[in-house]
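Report on one structure; see the data block that follows.
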Amino acid sequence: MKDRGLIHIYCGDGKGKTTAAVGLAVRAAGRGKRVLISRFLKTEDSGEVKMLRLLPGVTVLPCERTFGFLFRMSEEEKREAAAYFQGQFDKTAAMAADYDLLILDEIMASVSGNVVSEESVLQFLDHKPESLEVVLTGRNPSEELQARADYISEIRAVRHPFEKGIAAREGIEY
């Protein structure tokens with residue numbers, strides 16, 4: 001049981017889901033574990049990406065294309081985004097067996113936004129390598145995803161500077 005990889009969900013409307021996942025990646029890398037991070041719906045313009053790429057044993061798969069907010073996309077743009085992000089997920093799943101920890105950052109929004117098939121994520125989780133630890137981040141995980149999780153951590157927004165009109169700050173929010 002000690003070498004069995006578990007499934008984590010970091011969800012909620014608060015700031016810190018990706019930050020928590022990055023902290024776990026740093027911890028795992030510090031113990032010599034191989035870490036794969038696949039980013040969905042986010043650009044590379046985030047401070048943690050630069051540092052994670054410097055850590056031995058950590059591989060970050062970039063989100064090389066941006067499509068804007070899902071709710072603003074036309075049907076054609078959504079089809080294009082779905083082809084891209086499903087391909088990203090499939091590539092990640094194919095690589096995962098070579099790692100100890102897999103982080104699927106913003107996978108829940110990708111699933112709820114219909115740009116990654118929930119069925120493909122569920123199938124992956126059901127058949128993942130036994131020792132692979134998997135972290136899924138994002139808002140509103142489905143009941144099916146929650147049912148597979150060993151850990152569910154909900155990060156709740158109590159107060160956020162955005163409410164005072166303070167925009168996202170480099171090095172803090174991204």
Side-chain angles (χ1 to χ4, degrees), residues 7-22 25 35-53 58-96 102-128 134-149 152-157 159-174:
I7 298 171
H8 309 237
I9 289 178
Y10 299 154
C11 62
D13 64 359
K15 173 190 172 341
K17 297 174 288 291
T18 296
T19 305
V22 167
V35 179
L36 177 61
I37 302 170
S38 190
R39 296 168 49 85
F40 297 85
L41 306 176
K42 289 182 172 179
T43 67
E44 293 300 287
D45 184 28
S46 195
E48 72 271 12
V49 174
K50 201 179 290 187
M51 295 310 296
L52 286 166
R53 290 187 194 285
V58 175
T59 301
V60 180
L61 294 179
C63 179
E64 294 174 332
R65 295 203 46 206
T66 58
F67 297 90
F69 291 108
L70 292 172
F71 66 88
R72 290 186 181 157
M73 288 183 199
S74 69
E75 287 307 309
E76 176 59 32
E77 290 169 326
K78 277 189 179 180
R79 280 192 295 277
E80 191 177 332
Y84 176 79
F85 289 117
Q86 187 64 52
Q88 173 87 355
F89 177 78
D90 294 343
K91 175 182 175 182
T92 302
M95 295 173 64
L102 169 63
I103 296 172
L104 298 169
D105 191 26
E106 287 299 342
I107 195 67
M108 259 87 75
S110 301
V111 167
S112 65
N114 296 312
V115 295
V116 173
S117 154
E118 182 172 41
E119 187 57 37
S120 65
V121 176
L122 297 173
Q123 285 291 320
F124 172 77
L125 294 174
D126 290 344
H127 299 97
K128 72 174 187 63
V134 179
V135 175
L136 304 100
T137 74
R139 293 177 182 225
N140 305 317
S142 70
E143 288 182 25
E144 292 83 4
L145 287 170
Q146 290 183 57
R148 286 159 173 83
I152 299 177
S153 297
E154 184 174 0
I155 299 172
R156 184 174 64 91
R159 181 177 299 136
H160 195 286
F162 184 77
E163 297 163 358
K164 295 179 184 177
I166 299 172
R169 297 164 299 143
E170 187 175 335
I172 304 300
E173 280 84 24
Y174 68 97

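Just the heavy atoms: all of them, side chains too, but no hydrogens, waters or symmetry mates, feed the values below. Model, not experiment: these values are computed from the prediction.
The aromatic rings of Y84 and F67 are tilted relative to each other, their planes meeting at an angle between 30° and 60°.
Annotation: the span from D13 atom CG to E154 atom CD amounts to 7.5 Å, rounded to 0.5 Å. For the atom pair CD1 (I172) and CD1 (I166), the distance works out to 12.0 Å, reported to the nearest 0.5 Å. Atom CG of L61 and atom CE of M95 lie 4.5 Å apart (nearest 0.5 Å). Note that the CD atom of Q88 and the SG atom of C63 stand 6.5 Å from one another [nearest 0.5 Å]. Of the inter-residue distances, the one linking I37 atom CD1 with T92 atom OG1 reads 11.0 Å to the nearest 0.5 angstrom.
Residues meeting the side chain to side chain contact (heavy atoms under 4.5 Å, CB included) test with S46, sequence neighbours left out: R39, E48, V49, Y174. Residues meeting the side-chain hydrogen bond (donor to acceptor under 3.5 Å, both in side chains) test with E170, sequence neighbours left out: none.
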_What verdict does the side chain to side chain contact (heavy atoms under 4.5 Å, CB included) test give for L136 and V121, after you've listed the backbone C-alpha separation in whole Å, the side-chain angles of each residue and the deciding distance to 0.1 Å?_
CA-CA 10 Å; L136 304 100; V121 176; 4.1 Å; yes
*Dump the intermediate steps for side chain to side chain contact (heavy atoms under 4.5 Å, CB included) on Y10 and T19, then the final yes or no.*
CA-CA 10 Å; Y10 299 154; T19 305; over 6 Å; no
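At least one donor-acceptor pair closer than 3.5 Å links the side chain of S110 to the backbone N or O of E106.
Every pair passing salt bridge (charged side-chain N to carboxylate O under 4.0 Å, His left out) that includes a residue from residues 78-92 is listed here, sequence neighbours excluded: R65-E80, E76-R79.
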